[in-house]
Amino acid sequence: MFVGEAPGRLGADGSHLPFHGDKSGHNFERLIEQVGISRYEVFVTNAVLCNPKDERGNNATPTPAEIANCAPFLKETVELLDPAIVVTLGAVALKACNALDTHAISLRDGVRTSNPWMNRTLMPVYHPGQRAMIHRSFANQLSDYQFIAENLRRLSKRRKKTSGGKPRPDAVKLGHVARRILQSNPAGLSYFALHKLCFLAELASLEATGERLTNAYVVRQKDGPYFVDLHLTKLSELVPGLQVRSAGKKIVLYLVTQQDLLGNAPIAQLTASEEAAIASVLVKYGKKPDDELKTAVYLSKYMRALLRKERSTGANLYNAAVLPFVTKE
(Lines give C-alpha, C1' and ligand atoms only; values in the text may rest on other atoms or scores of the structure.)
Protein backbone atom coordinates (compact mmCIF):
# COMPACT_ATOMS: atom_id res chain seq x y z
CA MET A 1 0.00 0.00 0.00
CA PHE A 2 1.37 3.43 -1.00
CA VAL A 3 0.27 6.53 0.96
CA GLY A 4 0.80 9.94 -0.61
CA GLU A 5 0.12 13.47 0.57
CA ALA A 6 -3.12 14.63 -1.09
CA PRO A 7 -4.81 14.62 -4.53
CA GLY A 8 -3.05 17.05 -6.87
CA ARG A 9 -4.99 19.80 -8.66
CA LEU A 10 -3.82 18.57 -12.08
CA GLY A 11 -3.75 14.90 -11.13
CA ALA A 12 -6.00 12.84 -8.87
CA ASP A 13 -8.31 15.79 -8.19
CA GLY A 14 -9.45 15.38 -11.79
CA SER A 15 -8.63 11.77 -12.65
CA HIS A 16 -9.82 10.37 -9.27
CA LEU A 17 -6.91 7.94 -9.45
CA PRO A 18 -4.16 8.71 -6.90
CA PHE A 19 -0.84 9.64 -8.52
CA HIS A 20 -2.15 9.71 -12.06
CA GLY A 21 -2.47 12.54 -14.54
CA ASP A 22 0.09 15.08 -13.32
CA LYS A 23 3.90 15.18 -13.11
CA SER A 24 3.99 13.52 -9.69
CA GLY A 25 1.77 10.74 -10.99
CA HIS A 26 3.88 10.35 -14.11
CA ASN A 27 7.05 10.06 -12.01
CA PHE A 28 5.40 7.59 -9.62
CA GLU A 29 4.18 5.37 -12.45
CA ARG A 30 7.63 5.46 -14.09
CA LEU A 31 9.31 4.50 -10.80
CA ILE A 32 7.12 1.51 -10.03
CA GLU A 33 7.11 0.37 -13.65
CA GLN A 34 10.90 0.38 -13.87
CA VAL A 35 11.27 -1.82 -10.79
CA GLY A 36 8.56 -4.26 -11.90
CA ILE A 37 5.70 -3.22 -9.60
CA SER A 38 2.25 -3.14 -11.22
CA ARG A 39 -0.47 -0.74 -10.11
CA TYR A 40 -2.79 -3.74 -10.22
CA GLU A 41 -0.80 -5.37 -7.40
CA VAL A 42 -0.75 -2.42 -4.99
CA PHE A 43 -3.21 0.03 -3.46
CA VAL A 44 -2.52 3.77 -3.67
CA THR A 45 -4.19 6.39 -1.48
CA ASN A 46 -3.46 9.71 0.23
CA ALA A 47 -3.19 10.95 3.80
CA VAL A 48 -5.67 13.72 2.93
CA LEU A 49 -8.50 12.77 0.59
CA CYS A 50 -9.42 16.22 -0.76
CA ASN A 51 -7.17 18.60 -2.67
CA PRO A 52 -5.98 21.38 -0.30
CA LYS A 53 -5.61 24.67 -2.18
CA ASP A 54 -4.23 28.10 -1.39
CA GLU A 55 -6.06 31.38 -2.04
CA ARG A 56 -4.94 31.26 -5.69
CA GLY A 57 -6.32 27.77 -6.26
CA ASN A 58 -2.90 26.10 -6.36
CA ASN A 59 -1.88 22.96 -4.44
CA ALA A 60 -1.19 23.63 -0.77
CA THR A 61 0.51 21.49 1.87
CA PRO A 62 -2.16 19.83 4.06
CA THR A 63 -2.54 21.44 7.48
CA PRO A 64 -2.29 19.43 10.74
CA ALA A 65 -6.05 19.84 11.10
CA GLU A 66 -6.67 18.39 7.62
CA ILE A 67 -4.35 15.46 8.35
CA ALA A 68 -6.13 14.80 11.66
CA ASN A 69 -9.53 15.05 9.97
CA CYS A 70 -8.63 12.32 7.46
CA ALA A 71 -6.69 10.12 9.90
CA PRO A 72 -9.70 7.91 10.76
CA PHE A 73 -10.22 7.19 7.04
CA LEU A 74 -6.55 6.30 6.56
CA LYS A 75 -6.61 4.06 9.64
CA GLU A 76 -9.73 2.25 8.44
CA THR A 77 -8.23 1.81 4.96
CA VAL A 78 -5.09 0.23 6.41
CA GLU A 79 -7.13 -2.08 8.63
CA LEU A 80 -9.49 -3.13 5.83
CA LEU A 81 -6.78 -3.79 3.24
CA ASP A 82 -4.36 -5.23 5.80
CA PRO A 83 -1.24 -4.66 3.68
CA ALA A 84 1.98 -6.27 4.90
CA ILE A 85 3.99 -3.26 3.64
CA VAL A 86 2.98 0.41 3.80
CA VAL A 87 5.11 2.86 1.80
CA THR A 88 4.82 6.57 2.63
CA LEU A 89 5.51 9.02 -0.19
CA GLY A 90 7.02 12.10 1.42
CA ALA A 91 7.14 13.74 4.84
CA VAL A 92 3.43 14.54 5.09
CA ALA A 93 2.39 10.91 4.56
CA LEU A 94 5.01 9.77 7.08
CA LYS A 95 3.66 12.28 9.61
CA ALA A 96 0.09 11.13 8.94
CA CYS A 97 1.06 7.52 9.70
CA ASN A 98 2.62 8.71 12.95
CA ALA A 99 -0.84 9.95 13.93
CA LEU A 100 -2.19 6.41 13.56
CA ASP A 101 0.60 4.66 15.45
CA THR A 102 3.55 6.54 16.91
CA HIS A 103 6.94 5.96 15.28
CA ALA A 104 10.31 7.70 15.43
CA ILE A 105 11.13 7.42 11.69
CA SER A 106 12.48 10.43 9.83
CA LEU A 107 12.32 10.74 6.07
CA ARG A 108 16.01 11.57 5.68
CA ASP A 109 17.22 8.55 7.71
CA GLY A 110 14.37 6.15 7.03
CA VAL A 111 14.73 5.59 3.28
CA ARG A 112 15.63 1.98 2.40
CA THR A 113 14.75 0.75 5.89
CA SER A 114 12.04 -1.64 7.06
CA ASN A 115 10.32 -0.47 10.24
CA PRO A 116 7.73 -2.23 12.42
CA TRP A 117 4.48 -0.26 12.52
CA MET A 118 0.87 -1.27 13.28
CA ASN A 119 1.89 -4.96 13.11
CA ARG A 120 3.23 -4.48 9.59
CA THR A 121 6.25 -2.91 7.85
CA LEU A 122 6.56 0.82 7.17
CA MET A 123 8.94 2.00 4.43
CA PRO A 124 9.34 5.75 3.79
CA VAL A 125 10.44 7.19 0.46
CA TYR A 126 10.55 10.73 -0.90
CA HIS A 127 7.56 12.21 -2.70
CA PRO A 128 7.78 11.67 -6.49
CA GLY A 129 6.95 15.33 -7.23
CA GLN A 130 9.42 17.57 -9.03
CA ARG A 131 10.27 19.63 -5.93
CA ALA A 132 11.32 16.50 -4.02
CA MET A 133 13.57 15.52 -6.92
CA ILE A 134 15.77 18.49 -5.93
CA HIS A 135 16.50 16.78 -2.62
CA ARG A 136 16.57 13.22 -3.95
CA SER A 137 17.17 12.65 -7.65
CA PHE A 138 15.12 10.34 -9.82
CA ALA A 139 18.07 7.91 -9.99
CA ASN A 140 18.28 7.73 -6.18
CA GLN A 141 14.53 7.37 -5.89
CA LEU A 142 14.68 4.54 -8.40
CA SER A 143 17.10 2.73 -6.07
CA ASP A 144 14.68 3.35 -3.19
CA TYR A 145 11.86 1.76 -5.16
CA GLN A 146 14.10 -1.17 -6.06
CA PHE A 147 14.48 -1.77 -2.32
CA ILE A 148 10.69 -1.83 -2.00
CA ALA A 149 10.32 -4.18 -4.98
CA GLU A 150 12.85 -6.63 -3.56
CA ASN A 151 11.00 -6.74 -0.24
CA LEU A 152 7.70 -7.16 -2.04
CA ARG A 153 9.02 -10.07 -4.09
CA ARG A 154 10.42 -11.81 -1.01
CA LEU A 155 7.09 -11.36 0.74
CA SER A 156 5.21 -12.71 -2.29
CA LYS A 157 7.39 -15.83 -2.38
CA ARG A 158 6.79 -16.49 1.33
CA ARG A 159 3.03 -16.05 0.92
CA LYS A 160 2.91 -18.45 -2.04
CA LYS A 161 4.74 -21.09 0.00
CA THR A 162 2.40 -20.73 2.97
CA SER A 163 -0.92 -20.08 1.25
CA GLY A 164 -0.48 -21.73 -2.12
CA GLY A 165 -1.00 -18.35 -3.78
CA LYS A 166 -4.81 -18.64 -3.58
CA PRO A 167 -6.67 -15.93 -5.53
CA ARG A 168 -9.15 -13.61 -3.84
CA PRO A 169 -12.80 -14.78 -3.48
CA ASP A 170 -14.03 -12.16 -5.98
CA ALA A 171 -11.41 -13.32 -8.47
CA VAL A 172 -12.56 -16.92 -7.97
CA LYS A 173 -16.19 -15.91 -8.62
CA LEU A 174 -15.11 -13.99 -11.72
CA GLY A 175 -13.36 -17.17 -12.86
CA HIS A 176 -16.68 -19.03 -12.58
CA VAL A 177 -18.38 -16.33 -14.66
CA ALA A 178 -15.63 -16.48 -17.30
CA ARG A 179 -15.85 -20.27 -17.41
CA ARG A 180 -19.61 -20.15 -17.91
CA ILE A 181 -19.16 -17.71 -20.82
CA LEU A 182 -16.41 -19.80 -22.39
CA GLN A 183 -18.52 -22.96 -22.07
CA SER A 184 -21.10 -21.36 -24.36
CA ASN A 185 -18.43 -20.76 -27.03
CA PRO A 186 -16.83 -24.14 -27.75
CA ALA A 187 -15.36 -22.84 -31.02
CA GLY A 188 -13.35 -20.26 -29.09
CA LEU A 189 -13.83 -16.71 -27.87
CA SER A 190 -11.57 -13.71 -28.26
CA TYR A 191 -9.87 -12.38 -25.14
CA PHE A 192 -11.43 -9.01 -25.97
CA ALA A 193 -14.92 -10.51 -26.08
CA LEU A 194 -14.49 -12.30 -22.75
CA HIS A 195 -13.89 -9.00 -20.94
CA LYS A 196 -16.85 -7.35 -22.65
CA LEU A 197 -19.26 -10.24 -22.00
CA CYS A 198 -18.20 -10.38 -18.34
CA PHE A 199 -18.89 -6.65 -18.11
CA LEU A 200 -22.32 -7.00 -19.72
CA ALA A 201 -23.11 -9.86 -17.32
CA GLU A 202 -22.25 -7.59 -14.39
CA LEU A 203 -24.64 -4.97 -15.81
CA ALA A 204 -27.40 -7.55 -16.27
CA SER A 205 -27.01 -8.66 -12.66
CA LEU A 206 -27.08 -5.05 -11.41
CA GLU A 207 -30.24 -4.35 -13.38
CA ALA A 208 -32.00 -7.53 -12.26
CA THR A 209 -30.98 -7.74 -8.59
CA GLY A 210 -29.21 -4.50 -7.67
CA GLU A 211 -26.08 -6.53 -6.99
CA ARG A 212 -22.99 -7.26 -9.04
CA LEU A 213 -21.92 -10.81 -9.81
CA THR A 214 -18.55 -9.99 -8.21
CA ASN A 215 -16.70 -7.03 -6.78
CA ALA A 216 -13.80 -7.63 -9.14
CA TYR A 217 -11.99 -4.44 -10.15
CA VAL A 218 -13.00 -3.16 -13.61
CA VAL A 219 -11.02 -0.28 -15.11
CA ARG A 220 -11.36 1.92 -18.19
CA GLN A 221 -8.98 1.00 -20.98
CA LYS A 222 -8.72 2.19 -24.59
CA ASP A 223 -11.00 -0.60 -25.83
CA GLY A 224 -13.46 -0.33 -22.97
CA PRO A 225 -13.91 -2.09 -19.62
CA TYR A 226 -11.06 -4.37 -18.55
CA PHE A 227 -11.13 -6.82 -15.61
CA VAL A 228 -7.81 -6.69 -13.78
CA ASP A 229 -8.22 -10.26 -12.50
CA LEU A 230 -8.66 -11.56 -16.05
CA HIS A 231 -5.10 -10.68 -17.02
CA LEU A 232 -3.69 -13.51 -19.14
CA THR A 233 -1.12 -14.38 -16.47
CA LYS A 234 -3.94 -15.01 -13.96
CA LEU A 235 -6.68 -16.36 -16.21
CA SER A 236 -5.43 -19.94 -16.54
CA GLU A 237 -5.37 -20.22 -12.74
CA LEU A 238 -8.95 -18.98 -12.48
CA VAL A 239 -10.27 -21.10 -15.36
CA PRO A 240 -8.92 -24.69 -15.33
CA GLY A 241 -8.67 -26.25 -18.78
CA LEU A 242 -8.12 -22.93 -20.54
CA GLN A 243 -6.11 -22.89 -23.75
CA VAL A 244 -4.77 -19.67 -25.27
CA ARG A 245 -3.94 -19.32 -28.97
CA SER A 246 -3.04 -16.52 -31.33
CA ALA A 247 -5.16 -15.89 -34.41
CA GLY A 248 -3.52 -13.07 -36.30
CA LYS A 249 -3.62 -10.05 -34.02
CA LYS A 250 -6.27 -11.61 -31.79
CA ILE A 251 -5.89 -13.77 -28.71
CA VAL A 252 -8.45 -16.58 -28.76
CA LEU A 253 -9.47 -18.60 -25.70
CA TYR A 254 -10.65 -22.21 -25.76
CA LEU A 255 -12.00 -24.30 -22.91
CA VAL A 256 -11.00 -27.95 -22.73
CA THR A 257 -13.60 -29.75 -20.61
CA GLN A 258 -12.03 -31.43 -17.62
CA GLN A 259 -13.75 -34.32 -15.84
CA ASP A 260 -13.56 -35.61 -12.31
CA LEU A 261 -13.01 -39.28 -11.34
CA LEU A 262 -16.68 -40.11 -12.00
CA GLY A 263 -16.56 -38.60 -15.49
CA ASN A 264 -18.55 -35.48 -14.60
CA ALA A 265 -17.54 -32.09 -15.94
CA PRO A 266 -17.00 -29.48 -13.21
CA ILE A 267 -19.95 -27.17 -12.64
CA ALA A 268 -19.40 -23.46 -12.16
CA GLN A 269 -20.46 -22.41 -8.65
CA LEU A 270 -23.11 -19.82 -9.52
CA THR A 271 -26.57 -19.15 -8.10
CA ALA A 272 -29.75 -19.34 -10.16
CA SER A 273 -29.97 -15.52 -10.43
CA GLU A 274 -26.32 -15.31 -11.48
CA GLU A 275 -26.84 -18.00 -14.11
CA ALA A 276 -29.91 -16.11 -15.35
CA ALA A 277 -27.97 -12.84 -15.71
CA ILE A 278 -25.20 -14.54 -17.68
CA ALA A 279 -27.66 -16.49 -19.82
CA SER A 280 -29.54 -13.32 -20.78
CA VAL A 281 -26.29 -11.72 -21.94
CA LEU A 282 -25.24 -14.80 -23.90
CA VAL A 283 -28.59 -14.88 -25.70
CA LYS A 284 -28.36 -11.21 -26.64
CA TYR A 285 -24.61 -10.77 -27.21
CA GLY A 286 -22.98 -14.20 -27.18
CA LYS A 287 -22.52 -14.40 -30.96
CA LYS A 288 -21.87 -10.70 -31.62
CA PRO A 289 -18.55 -9.74 -33.27
CA ASP A 290 -16.02 -7.77 -31.25
CA ASP A 291 -16.88 -4.39 -32.79
CA GLU A 292 -20.55 -4.73 -31.81
CA LEU A 293 -19.58 -5.80 -28.28
CA LYS A 294 -17.41 -2.70 -28.01
CA THR A 295 -20.34 -0.53 -29.05
CA ALA A 296 -22.61 -2.23 -26.51
CA VAL A 297 -20.31 -1.61 -23.55
CA TYR A 298 -19.59 1.97 -24.59
CA LEU A 299 -23.34 2.65 -24.65
CA SER A 300 -23.73 1.47 -21.04
CA LYS A 301 -24.50 4.21 -18.52
CA TYR A 302 -21.26 3.62 -16.61
CA MET A 303 -19.01 4.05 -19.63
CA ARG A 304 -21.03 7.02 -20.86
CA ALA A 305 -20.62 8.68 -17.45
CA LEU A 306 -16.85 8.26 -17.66
CA LEU A 307 -16.72 9.62 -21.19
CA ARG A 308 -18.80 12.66 -20.22
CA LYS A 309 -16.45 13.32 -17.32
CA GLU A 310 -13.44 13.05 -19.62
CA ARG A 311 -14.94 15.56 -22.02
CA SER A 312 -15.99 18.03 -19.31
CA THR A 313 -12.74 17.93 -17.33
CA GLY A 314 -10.22 17.17 -20.07
CA ALA A 315 -8.77 14.47 -17.80
CA ASN A 316 -7.53 11.11 -19.00
CA LEU A 317 -9.55 8.54 -17.04
CA TYR A 318 -7.72 5.45 -18.29
CA ASN A 319 -7.38 2.98 -15.38
CA ALA A 320 -10.24 4.64 -13.49
CA ALA A 321 -12.83 2.31 -11.99
CA VAL A 322 -15.84 1.73 -14.27
CA LEU A 323 -18.27 -0.17 -12.04
CA PRO A 324 -19.26 0.61 -8.45
CA PHE A 325 -18.43 -1.78 -5.64
CA VAL A 326 -21.68 -3.16 -4.23
CA THR A 327 -21.88 -4.25 -0.61
CA LYS A 328 -24.02 -7.35 -0.24
CA GLU A 329 -26.14 -7.56 2.89
Side-chain angles (χ1 to χ4, degrees), residues 1-29 31-32 39 42-138 140-141 144-145 147-148 151 313 315 320-321:
M1 176 177 171
F2 287 84
V3 181
E5 182 175 304
R9 178 175 62 88
L10 301 177
D13 199 32
S15 70
H16 300 284
L17 189 68
F19 286 95
H20 180 77
D22 57 4
K23 189 61 179 178
S24 295
H26 178 64
N27 287 340
F28 173 73
E29 290 173 335
L31 286 163
I32 62 173
R39 281 200 74 136
V42 297
F43 186 86
V44 187
T45 187
N46 282 297
V48 174
L49 299 178
C50 297
N51 173 224
K53 298 177 181 177
D54 61 21
E55 62 279 1
R56 296 182 179 180
N58 296 319
N59 292 333
T61 301
T63 65
E66 289 168 335
I67 294 172
N69 186 55
C70 286
F73 298 106
L74 180 59
K75 185 174 188 293
E76 186 174 3
T77 302
V78 173
E79 291 173 345
L80 284 172
L81 292 172
D82 194 25
I85 298 174
V86 174
V87 181
T88 55
L89 305 171
V92 171
L94 187 60
K95 183 178 180 180
C97 286
N98 187 59
L100 308 189
D101 188 25
T102 304
H103 62 71
I105 311 164
S106 69
L107 180 59
R108 177 176 296 180
D109 301 325
V111 174
R112 299 188 208 174
T113 64
S114 300
N115 307 277
W117 176 79
M118 284 185 66
N119 297 317
R120 61 197 82 247
T121 298
L122 187 66
M123 295 182 182
V125 296
Y126 278 70
H127 193 278
Q130 287 302 102
R131 283 183 298 176
M133 293 289 174
I134 298 173
H135 304 285
R136 195 160 184 85
S137 68
F138 186 90
N140 282 331
Q141 290 206 35
D144 302 338
Y145 278 71
F147 176 82
I148 296 167
N151 279 271
T313 63

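For the numbers below, each heavy atom of this structure counts, side chains included, while hydrogens, waters and symmetry mates do not.
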Excluding sequence neighbours, so at least two apart, what forms side-chain hydrogen bond (donor to acceptor under 3.5 Å, both in side chains) with [X]?
{"X": "E66", "value": "T63"}
{"X": "T77", "value": "none"}
{"X": "K95", "value": "none"}

Which pair of heavy atoms, one from [X] and one from [Y], lies closest together, and at what distance?
{"X": "P128", "Y": "Q141", "result": "CA-OE1, 4.0 Å"}
{"X": "C50", "Y": "A6", "result": "O-CB, 4.0 Å"}
{"X": "S114", "Y": "M123", "result": "OG-CE, 3.3 Å"}

Exercise. Tell me, please, which residues at least two apart from R112 pass salt bridge (charged side-chain N to carboxylate O under 4.0 Å, His left out).
Key: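 R112 satisfies salt bridge (charged side-chain N to carboxylate O under 4.0 Å, His left out) with D144 only.
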Quiz item: Taking only residues two or more places apart in sequence, or in another chain, which ones meet E76 in a salt bridge (charged side-chain N to carboxylate O under 4.0 Å, His left out)?
Solution: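 E76 satisfies salt bridge (charged side-chain N to carboxylate O under 4.0 Å, His left out) with no residue once adjacent residues are dropped.
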Looking at [Y], is its backbone amide N or carbonyl O close enough to the side chain of [X] to form a donor-acceptor pair, meaning the two atoms are under 3.5 Å apart?
{"X": "D109", "Y": "I105", "value": "no"}
{"X": "N27", "Y": "G129", "value": "no"}
{"X": "N46", "Y": "L49", "value": "no"}

Separation of [Y] [atom2] from [X] [atom1] (nearest 0.5 Å):
{"X": "H127", "Y": "S24", "atom1": "NE2", "atom2": "OG", "result": "4.5 Å"}
{"X": "M118", "Y": "T102", "atom1": "CE", "atom2": "OG1", "result": "11.5 Å"}
{"X": "R131", "Y": "K23", "atom1": "CZ", "atom2": "NZ", "result": "15.0 Å"}
{"X": "F2", "Y": "I148", "atom1": "CZ", "atom2": "CD1", "result": "5.0 Å"}
{"X": "L74", "Y": "M1", "atom1": "CG", "atom2": "CE", "result": "5.5 Å"}

Quiz item: Which residue pairs pass the side-chain hydrogen bond (donor to acceptor under 3.5 Å, both in side chains) test when at least one of the two sits in residues 115-126, sequence neighbours left out?
Solution: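 Sorted result for residues 115-126: D82-R120, T113-N115.
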Practice problem: Classify the angle between the aromatic ring planes of F28 and F19 as parallel (below 30°), tilted (30 to 60°) or perpendicular (above 60°). | Solution: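 F28 and F19: tilted rings.
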Self-check item: V125: which of L107, L89, L94 passes side-chain contact (heavy atoms from CB on, under 4.5 Å)
Solution: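 The passing option is L89.
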Quiz item: Just wondering, more than 12 heavy atoms not from F138 lying within 6.0 Å of its CZ?
Solution: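 Enclosed.
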